[in-house]
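One structure is given here, and the rest of the page talks about it.
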Amino acid sequence: MRPGIHPDYGPVVFRDKAADFAFLTRSTLTSAETIEWEDGRTYPVIDVEVSSASHPFWTGQGRILDTAGRVEKFERRYGRRQR
């Protein structure tokens, strides 16, 4: 890699406040806000709106879709299919 053209790649904590969940990883993102991690060191922290702890796909709390209503809406819009 050429020196001086790439951003710094270092440890960062991503925090999902809605789920009270945080994880330490490496990233090129930076933040002025810091947090003391479990190992006693201080890392920059980035707040995210959705993580695997709060996303419905990963938590299994997804919405049940009304498939019958969706089919009827499609048929009203485009008509019934002729066989």
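We number each residue from 1, following the sequence as shown.
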Exercise: identify the closest heavy-atom pair between [X] and [Y]:
X	Y	value
Pro11	Pro44	O-CD, 3.7 Å
Arg2	His6	O-CD2, 3.4 Å
Glu49	Asp16	O-OD1, 3.7 Å
Ala22	Trp37	O-CH2, 3.6 Å

Single-linkage hydrophobic cluster Leu24~Phe21, side-chain heavy atoms < 4.5 angstrom
no
Shared hydrophobic cluster for Phe23 and Ile35 (ILVMFWY, side-chain gaps under 4.5 Å)
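No, Phe23 does not connect to Ile35 through the hydrophobic network.
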Rounded to the nearest 0.5 Å, how far does CD of Glu36 lie from OH of Tyr43?
10.5 Å
Over 12 non-hydrogen atoms of neighbours within 6.0 angstrom of CG in Asp39:
yes
